[in-house]
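Order of appearance sets the numbers: ligands from 1, and atoms from 1 within every ligand. Atom set for the values below is all heavy atoms of this structure, side chains included, hydrogens, waters and symmetry mates excluded.
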Amino acid sequence: MQNQPHFSSEHFYSGRFAVAPMLDWTTRHCRYFHRQFTKHTLLYTEMVTAPAIIHAKYDHLDFDLAENPVALQLGGSDPAQLKHCAELAEQRGYTEINLNVGCPSDRVQNGMFGACLMAKADLVAECVSAMQSAVKIPVTVKTRIGIDDLDSYDFLCDFIEKVSATGCQDFIVHARKAWLSGLSPKENREIPPLDYQRVYQLKRDFPHLWISINGGIKTVEEITAHLQHVDGVMVGREAYQNPSLLGQIDQALFDKTAPIITAVEAVNNMLPYIEQQLSQGVYLNHIVRHMLGAFQQCKGARQWRRHLSENAHKPGAGIEVVETALGFIEL
Ligand SMILES: Cc1cc2nc3c(=O)[nH]c(=O)nc-3n(C[C@H](O)[C@H](O)[C@H](O)COP(=O)(O)O)c2cc1C
(Lines give C-alpha, C1' and ligand atoms only; values in the text may rest on other atoms or scores of the structure.)
Protein backbone atom coordinates (compact mmCIF):
# COMPACT_ATOMS: atom_id res chain seq x y z
CA MET A 1 0.00 0.00 0.00
CA GLN A 2 1.45 3.35 -0.97
CA ASN A 3 1.30 6.30 1.35
CA GLN A 4 2.91 9.67 1.05
CA PRO A 5 6.11 9.49 3.07
CA HIS A 6 5.71 12.04 5.80
CA PHE A 7 9.15 11.49 7.26
CA SER A 8 12.56 11.04 5.72
CA SER A 9 12.61 8.28 3.13
CA GLU A 10 14.72 6.23 5.54
CA HIS A 11 11.95 6.24 8.11
CA PHE A 12 9.33 5.66 5.45
CA TYR A 13 10.96 2.41 4.46
CA SER A 14 11.94 1.34 7.98
CA GLY A 15 8.38 1.78 9.14
CA ARG A 16 7.19 -0.95 6.77
CA PHE A 17 8.53 -3.56 9.15
CA ALA A 18 9.47 -3.42 12.82
CA VAL A 19 10.45 -5.70 15.68
CA ALA A 20 8.18 -4.93 18.62
CA PRO A 21 9.24 -3.45 21.95
CA MET A 22 9.55 -6.31 24.46
CA LEU A 23 10.55 -5.80 28.09
CA ASP A 24 13.64 -7.77 29.05
CA TRP A 25 13.88 -9.12 25.49
CA THR A 26 14.68 -6.27 23.09
CA THR A 27 17.68 -5.07 25.05
CA ARG A 28 20.54 -3.37 23.27
CA HIS A 29 22.35 -6.71 22.83
CA CYS A 30 19.26 -8.28 21.33
CA ARG A 31 18.86 -5.37 18.92
CA TYR A 32 22.50 -5.60 17.90
CA PHE A 33 21.92 -9.27 17.09
CA HIS A 34 18.75 -8.55 15.14
CA ARG A 35 20.56 -5.86 13.20
CA GLN A 36 22.96 -8.50 11.85
CA PHE A 37 19.99 -10.04 10.02
CA THR A 38 18.42 -6.91 8.59
CA LYS A 39 19.54 -3.40 7.73
CA HIS A 40 16.15 -1.85 7.19
CA THR A 41 13.88 -3.15 9.95
CA LEU A 42 12.95 -0.60 12.59
CA LEU A 43 13.96 -2.00 15.98
CA TYR A 44 12.22 -0.95 19.18
CA THR A 45 13.74 -0.68 22.61
CA GLU A 46 12.03 -2.20 25.61
CA MET A 47 9.66 0.27 27.21
CA VAL A 48 11.59 2.69 29.40
CA THR A 49 9.51 4.82 31.73
CA ALA A 50 10.07 8.55 31.81
CA PRO A 51 10.61 8.56 35.60
CA ALA A 52 13.24 5.81 35.25
CA ILE A 53 15.15 7.95 32.76
CA ILE A 54 14.83 11.10 34.83
CA HIS A 55 15.76 9.54 38.19
CA ALA A 56 18.30 7.32 36.48
CA LYS A 57 20.36 4.94 38.55
CA TYR A 58 22.11 4.05 35.29
CA ASP A 59 22.01 5.23 31.70
CA HIS A 60 18.79 3.77 30.26
CA LEU A 61 19.35 5.43 26.89
CA ASP A 62 22.76 3.95 26.17
CA PHE A 63 22.86 2.15 22.83
CA ASP A 64 25.14 1.59 19.88
CA LEU A 65 24.39 3.77 16.87
CA ALA A 66 25.04 0.69 14.72
CA GLU A 67 21.65 -0.57 15.99
CA ASN A 68 19.83 2.23 14.16
CA PRO A 69 17.14 2.71 13.02
CA VAL A 70 15.92 2.31 16.61
CA ALA A 71 12.72 3.66 18.15
CA LEU A 72 12.84 4.41 21.86
CA GLN A 73 9.60 3.36 23.51
CA LEU A 74 8.64 5.59 26.42
CA GLY A 75 6.15 4.86 29.17
CA GLY A 76 4.55 7.73 31.01
CA SER A 77 1.74 10.25 31.09
CA ASP A 78 3.38 13.42 32.34
CA PRO A 79 3.80 15.72 29.33
CA ALA A 80 6.74 17.64 30.79
CA GLN A 81 8.63 14.47 31.73
CA LEU A 82 7.98 12.88 28.35
CA LYS A 83 9.06 16.05 26.56
CA HIS A 84 12.32 16.06 28.46
CA CYS A 85 12.96 12.38 27.69
CA ALA A 86 12.15 12.89 24.00
CA GLU A 87 14.73 15.66 23.84
CA LEU A 88 17.35 13.44 25.45
CA ALA A 89 16.53 10.59 23.07
CA GLU A 90 16.89 12.77 20.01
CA GLN A 91 20.24 14.05 21.25
CA ARG A 92 21.41 10.47 21.73
CA GLY A 93 20.63 9.56 18.14
CA TYR A 94 17.41 7.53 18.27
CA THR A 95 15.38 7.46 15.05
CA GLU A 96 11.91 7.68 16.57
CA ILE A 97 10.12 8.10 19.89
CA ASN A 98 7.16 5.86 20.59
CA LEU A 99 4.63 6.22 23.37
CA ASN A 100 3.35 3.02 24.96
CA VAL A 101 -0.45 2.98 25.06
CA GLY A 102 -0.72 -0.79 24.84
CA CYS A 103 0.92 -2.46 27.81
CA PRO A 104 -1.63 -3.79 30.32
CA SER A 105 0.47 -4.77 33.35
CA ASP A 106 -0.68 -3.74 36.84
CA ARG A 107 2.57 -2.00 37.56
CA VAL A 108 2.04 0.08 34.48
CA GLN A 109 -1.58 0.96 35.34
CA ASN A 110 -0.58 2.24 38.78
CA GLY A 111 1.98 4.54 37.23
CA MET A 112 -0.67 5.70 34.69
CA PHE A 113 0.95 4.57 31.56
CA GLY A 114 0.39 1.90 28.99
CA ALA A 115 -2.98 0.62 27.82
CA CYS A 116 -5.06 2.41 30.49
CA LEU A 117 -4.24 5.64 28.63
CA MET A 118 -6.55 4.58 25.82
CA ALA A 119 -9.34 5.91 28.06
CA LYS A 120 -7.56 9.28 28.26
CA ALA A 121 -7.15 10.34 24.65
CA ASP A 122 -6.87 14.04 25.56
CA LEU A 123 -3.98 13.33 27.92
CA VAL A 124 -2.25 11.16 25.31
CA ALA A 125 -2.68 14.00 22.80
CA GLU A 126 -1.15 16.41 25.30
CA CYS A 127 1.82 14.08 25.86
CA VAL A 128 2.37 13.60 22.13
CA SER A 129 2.15 17.36 21.49
CA ALA A 130 4.68 18.04 24.22
CA MET A 131 7.13 15.53 22.75
CA GLN A 132 6.59 16.76 19.20
CA SER A 133 7.27 20.33 20.26
CA ALA A 134 10.72 19.28 21.48
CA VAL A 135 12.03 17.04 18.67
CA LYS A 136 12.27 16.73 14.91
CA ILE A 137 12.25 12.92 14.83
CA PRO A 138 8.83 11.23 14.52
CA VAL A 139 6.71 10.68 17.62
CA THR A 140 4.53 7.60 17.21
CA VAL A 141 1.97 5.75 19.34
CA LYS A 142 1.58 2.01 19.95
CA THR A 143 -1.88 1.07 21.07
CA ARG A 144 -4.50 -1.69 21.26
CA ILE A 145 -7.89 -1.84 19.53
CA GLY A 146 -9.62 -1.27 22.89
CA ILE A 147 -9.56 -1.84 26.63
CA ASP A 148 -12.13 -3.52 28.88
CA ASP A 149 -15.61 -2.50 27.76
CA LEU A 150 -14.24 0.39 25.74
CA ASP A 151 -13.86 -1.81 22.72
CA SER A 152 -16.15 -0.43 20.03
CA TYR A 153 -14.78 0.66 16.68
CA ASP A 154 -16.11 4.17 17.39
CA PHE A 155 -14.06 4.31 20.58
CA LEU A 156 -10.90 3.36 18.67
CA CYS A 157 -11.64 5.97 15.96
CA ASP A 158 -12.25 8.64 18.57
CA PHE A 159 -8.88 7.84 20.19
CA ILE A 160 -7.03 7.94 16.87
CA GLU A 161 -8.80 11.13 15.80
CA LYS A 162 -7.92 13.01 19.00
CA VAL A 163 -4.30 11.88 19.05
CA SER A 164 -3.72 12.41 15.33
CA ALA A 165 -5.11 15.95 15.65
CA THR A 166 -1.79 16.77 17.35
CA GLY A 167 -0.01 15.97 14.09
CA CYS A 168 0.94 12.42 15.13
CA GLN A 169 0.71 10.44 11.91
CA ASP A 170 2.03 7.04 12.83
CA PHE A 171 0.14 4.44 14.88
CA ILE A 172 1.04 0.84 15.57
CA VAL A 173 -2.05 -1.11 16.53
CA HIS A 174 -1.91 -4.42 18.38
CA ALA A 175 -5.00 -6.03 16.89
CA ARG A 176 -6.54 -7.24 20.15
CA LYS A 177 -8.06 -5.47 23.11
CA ALA A 178 -6.56 -5.63 26.60
CA TRP A 179 -8.36 -6.53 29.80
CA LEU A 180 -6.87 -4.27 32.45
CA SER A 181 -7.79 -6.51 35.35
CA GLY A 182 -8.09 -10.25 35.52
CA LEU A 183 -5.56 -11.13 32.84
CA SER A 184 -1.78 -11.16 33.17
CA PRO A 185 0.25 -9.33 30.51
CA LYS A 186 1.06 -12.73 28.97
CA GLU A 187 -2.61 -13.72 28.87
CA ASN A 188 -3.42 -10.32 27.38
CA ARG A 189 -1.19 -11.26 24.44
CA GLU A 190 -3.00 -14.55 23.91
CA ILE A 191 -6.59 -14.58 25.11
CA PRO A 192 -8.37 -11.55 23.61
CA PRO A 193 -9.02 -12.53 20.00
CA LEU A 194 -7.11 -10.91 17.15
CA ASP A 195 -9.20 -8.66 14.91
CA TYR A 196 -7.09 -7.73 11.90
CA GLN A 197 -10.14 -6.44 10.01
CA ARG A 198 -10.54 -3.67 12.54
CA VAL A 199 -7.02 -2.42 11.86
CA TYR A 200 -7.60 -2.64 8.09
CA GLN A 201 -10.78 -0.61 8.55
CA LEU A 202 -8.83 1.99 10.49
CA LYS A 203 -6.46 2.40 7.55
CA ARG A 204 -9.42 2.80 5.19
CA ASP A 205 -11.01 5.43 7.44
CA PHE A 206 -7.76 7.30 8.13
CA PRO A 207 -5.97 6.94 4.79
CA HIS A 208 -3.65 9.88 5.52
CA LEU A 209 -2.19 8.14 8.61
CA TRP A 210 0.58 5.57 8.69
CA ILE A 211 -1.05 2.52 10.25
CA SER A 212 0.98 -0.55 11.24
CA ILE A 213 -0.51 -3.81 12.40
CA ASN A 214 0.78 -6.05 15.20
CA GLY A 215 -0.21 -9.32 16.85
CA GLY A 216 0.29 -13.00 16.03
CA ILE A 217 2.16 -12.46 12.75
CA LYS A 218 4.78 -15.11 12.00
CA THR A 219 5.82 -15.50 8.38
CA VAL A 220 7.00 -13.41 5.43
CA GLU A 221 3.86 -14.52 3.57
CA GLU A 222 1.64 -13.20 6.37
CA ILE A 223 3.61 -9.96 6.49
CA THR A 224 3.26 -9.30 2.77
CA ALA A 225 -0.45 -10.16 2.92
CA HIS A 226 -1.00 -7.59 5.71
CA LEU A 227 0.90 -4.98 3.69
CA GLN A 228 -1.89 -5.13 1.11
CA HIS A 229 -4.12 -3.50 3.71
CA VAL A 230 -1.91 -1.40 6.00
CA ASP A 231 1.35 0.53 5.78
CA GLY A 232 3.52 -1.40 8.19
CA VAL A 233 3.82 -4.66 10.13
CA MET A 234 5.32 -5.13 13.58
CA VAL A 235 6.36 -8.60 14.78
CA GLY A 236 7.25 -9.40 18.38
CA ARG A 237 7.53 -12.94 19.71
CA GLU A 238 8.25 -14.69 16.42
CA ALA A 239 11.14 -12.34 15.64
CA TYR A 240 12.65 -13.03 19.05
CA GLN A 241 12.08 -16.78 19.12
CA ASN A 242 12.98 -17.33 15.46
CA PRO A 243 15.28 -14.47 14.44
CA SER A 244 16.10 -16.17 11.12
CA LEU A 245 12.80 -14.67 9.96
CA LEU A 246 14.58 -11.32 10.02
CA GLY A 247 17.21 -12.59 7.60
CA GLN A 248 14.58 -12.71 4.85
CA ILE A 249 13.02 -9.31 5.46
CA ASP A 250 15.34 -6.96 3.55
CA GLN A 251 14.98 -8.94 0.34
CA ALA A 252 11.26 -9.58 0.71
CA LEU A 253 10.19 -6.07 1.70
CA PHE A 254 12.86 -3.50 0.96
CA ASP A 255 15.39 -4.41 -1.70
CA LYS A 256 15.10 -7.38 -4.06
CA THR A 257 18.87 -7.44 -4.49
CA ALA A 258 19.58 -7.69 -0.74
CA PRO A 259 21.03 -11.03 0.40
CA ILE A 260 19.19 -13.42 2.68
CA ILE A 261 21.20 -13.52 5.90
CA THR A 262 21.57 -16.89 7.58
CA ALA A 263 21.79 -17.42 11.32
CA VAL A 264 25.38 -18.66 10.95
CA GLU A 265 26.34 -15.38 9.27
CA ALA A 266 24.52 -13.34 11.89
CA VAL A 267 26.16 -15.22 14.78
CA ASN A 268 29.61 -14.91 13.19
CA ASN A 269 29.03 -11.19 12.71
CA MET A 270 28.25 -10.92 16.41
CA LEU A 271 31.63 -12.26 17.52
CA PRO A 272 33.61 -8.98 17.39
CA TYR A 273 30.79 -7.21 19.23
CA ILE A 274 30.68 -9.93 21.88
CA GLU A 275 34.43 -9.66 22.41
CA GLN A 276 34.23 -5.91 22.70
CA GLN A 277 31.37 -6.13 25.22
CA LEU A 278 33.15 -8.81 27.27
CA SER A 279 36.20 -6.56 27.44
CA GLN A 280 33.95 -3.91 29.00
CA GLY A 281 32.77 -6.32 31.69
CA VAL A 282 29.44 -7.39 30.17
CA TYR A 283 28.51 -11.01 31.00
CA LEU A 284 28.36 -13.36 28.06
CA ASN A 285 24.96 -14.60 29.10
CA HIS A 286 23.46 -11.11 28.85
CA ILE A 287 24.20 -11.21 25.14
CA VAL A 288 23.74 -14.82 24.10
CA ARG A 289 20.46 -15.39 25.91
CA HIS A 290 18.89 -13.49 22.99
CA MET A 291 20.53 -15.80 20.47
CA LEU A 292 19.13 -19.14 21.66
CA GLY A 293 16.43 -19.31 18.97
CA ALA A 294 18.79 -18.61 16.08
CA PHE A 295 18.83 -22.09 14.62
CA GLN A 296 15.27 -23.29 14.99
CA GLN A 297 15.21 -25.10 11.67
CA CYS A 298 18.72 -26.60 11.84
CA LYS A 299 20.10 -29.91 13.06
CA GLY A 300 22.05 -29.28 16.24
CA ALA A 301 19.73 -26.50 17.45
CA ARG A 302 19.10 -28.26 20.74
CA GLN A 303 22.82 -28.70 21.45
CA TRP A 304 23.39 -25.06 20.50
CA ARG A 305 20.82 -23.95 23.06
CA ARG A 306 21.98 -26.38 25.70
CA HIS A 307 25.66 -25.47 25.40
CA LEU A 308 24.92 -21.76 25.67
CA SER A 309 22.45 -22.19 28.53
CA GLU A 310 24.77 -24.40 30.53
CA ASN A 311 27.98 -22.41 29.99
CA ALA A 312 27.37 -18.76 29.16
CA HIS A 313 26.52 -17.82 32.75
CA LYS A 314 29.71 -19.31 34.21
CA PRO A 315 32.25 -16.84 35.59
CA GLY A 316 34.78 -15.92 32.94
CA ALA A 317 32.72 -17.44 30.10
CA GLY A 318 34.11 -16.10 26.83
CA ILE A 319 33.71 -16.20 23.10
CA GLU A 320 34.83 -19.86 22.94
CA VAL A 321 31.45 -20.85 24.42
CA VAL A 322 29.71 -19.43 21.34
CA GLU A 323 32.25 -20.95 18.96
CA THR A 324 31.84 -24.41 20.51
CA ALA A 325 28.05 -24.10 20.41
CA LEU A 326 28.23 -23.11 16.75
CA GLY A 327 30.16 -26.31 16.07
CA PHE A 328 27.02 -28.34 16.90
CA ILE A 329 25.05 -26.81 14.04
CA GLU A 330 24.81 -28.98 10.93
CA LEU A 331 23.87 -27.13 7.79
C1 LIG B 1 8.26 -10.51 26.76
C2 LIG B 1 7.40 -9.41 26.17
C3 LIG B 1 7.55 -8.12 26.62
C4 LIG B 1 6.79 -7.07 26.05
N5 LIG B 1 7.03 -5.78 26.44
C6 LIG B 1 6.40 -4.76 25.80
C7 LIG B 1 6.77 -3.41 26.02
O8 LIG B 1 7.72 -3.10 26.76
N9 LIG B 1 6.07 -2.43 25.38
C10 LIG B 1 5.05 -2.75 24.50
O11 LIG B 1 4.44 -1.84 23.92
N12 LIG B 1 4.70 -4.02 24.26
C13 LIG B 1 5.36 -5.03 24.86
N14 LIG B 1 5.06 -6.32 24.53
C15 LIG B 1 4.03 -6.59 23.51
C16 LIG B 1 4.65 -6.68 22.12
O17 LIG B 1 5.25 -5.45 21.77
C18 LIG B 1 3.60 -7.05 21.06
O19 LIG B 1 2.63 -6.02 21.00
C20 LIG B 1 2.90 -8.37 21.37
O21 LIG B 1 3.82 -9.37 21.75
C22 LIG B 1 2.08 -8.86 20.17
O23 LIG B 1 2.91 -9.07 19.04
P24 LIG B 1 3.42 -10.56 18.64
O25 LIG B 1 2.20 -11.44 18.58
O26 LIG B 1 4.07 -10.39 17.30
O27 LIG B 1 4.35 -11.01 19.71
C28 LIG B 1 5.81 -7.36 25.07
C29 LIG B 1 5.67 -8.69 24.64
C30 LIG B 1 6.46 -9.70 25.16
C31 LIG B 1 6.31 -11.12 24.63
Side-chain angles (χ1 to χ4, degrees), residues 17-31 34 41-53 60-61 63 70-77 82 85 89 96-109 111-118 124 127-128 139-147 170-180 183-196 198-199 211-223 225-227 230 232-243 245-246 249 289-290 292-293:
F17 184 73
V19 176
M22 290 178 280
L23 265 179
D24 208 33
W25 287 14
T26 52
T27 67
R28 53 179 300 188
H29 304 308
C30 174
R31 297 190 304 265
H34 287 172
T41 298
L42 181 61
L43 302 178
Y44 279 71
T45 67
E46 318 167 76
M47 178 184 71
V48 190
T49 67
I53 292 172
H60 289 277
L61 298 183
F63 81 121
V70 178
L72 172 71
Q73 189 186 59
L74 290 174
S77 56
L82 288 166
C85 293
E96 172 185 317
I97 317 277
N98 176 265
L99 183 64
N100 183 342
V101 189
C103 186
S105 91
D106 285 349
R107 194 168 60 83
V108 166
Q109 282 177 61
M112 257 290 272
F113 32 80
C116 61
L117 289 175
M118 274 201 91
V124 174
C127 293
V128 169
V139 177
T140 67
V141 170
K142 178 169 181 276
T143 186
R144 296 262 182 158
I145 56 174
I147 44 167
D170 192 330
F171 292 85
I172 303 102
V173 187
H174 184 173
R176 46 163 69 90
K177 66 184 274 186
W179 287 105
L180 296 185
L183 293 188
S184 69
K186 184 167 186 292
E187 288 169 330
N188 258 314
R189 293 192 285 269
E190 289 162 1
I191 292 175
L194 286 161
D195 188 348
Y196 294 138
R198 195 158 273 204
V199 185
I211 302 288
S212 297
I213 196 164
N214 167 242
I217 302 166
K218 293 193 166 179
T219 64
V220 169
E221 291 70 31
E222 289 169 18
I223 294 164
H226 283 297
L227 287 172
V230 289
V233 172
M234 171 183 273
V235 172
R237 287 163 289 187
E238 186 64 16
Y240 187 85
Q241 284 152 2
N242 175 27
L245 168 72
L246 300 176
I249 291 296
R289 72 186 174 95
H290 305 296
L292 297 177

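Within 4.0 Å of ligand 1, contacts by protein heavy atoms are made from A20, P21, M22, L23, W25, M47, Q73, N100, K142, H174, R189, N214, G215, G216, V235, G236, R237.
Salt bridge present: E190 and K186 bring a charged side-chain N and a carboxylate O closer than 4.0 Å.
Side chain to side chain, R176 and H174 meet the donor-acceptor criterion of an N or O pair below 3.5 Å. Side-chain atoms of T27 and H290 form a donor-acceptor pair, as typed in the model, at a separation below 3.5 Å.
Taking the six-membered ring where the residue is Trp, Y240 and W25 present parallel rings, their angle staying beneath 30° rather than reaching 60°.
Side-chain atoms of T41 never come within 3.5 Å of backbone atoms of F17 as a donor-acceptor pair (strictly under, hydrogens ignored).
Tested against Y44, the residues R31, K142, E96 include a single side chain to side chain donor-acceptor pair (under 3.5 Å) partner, E96.
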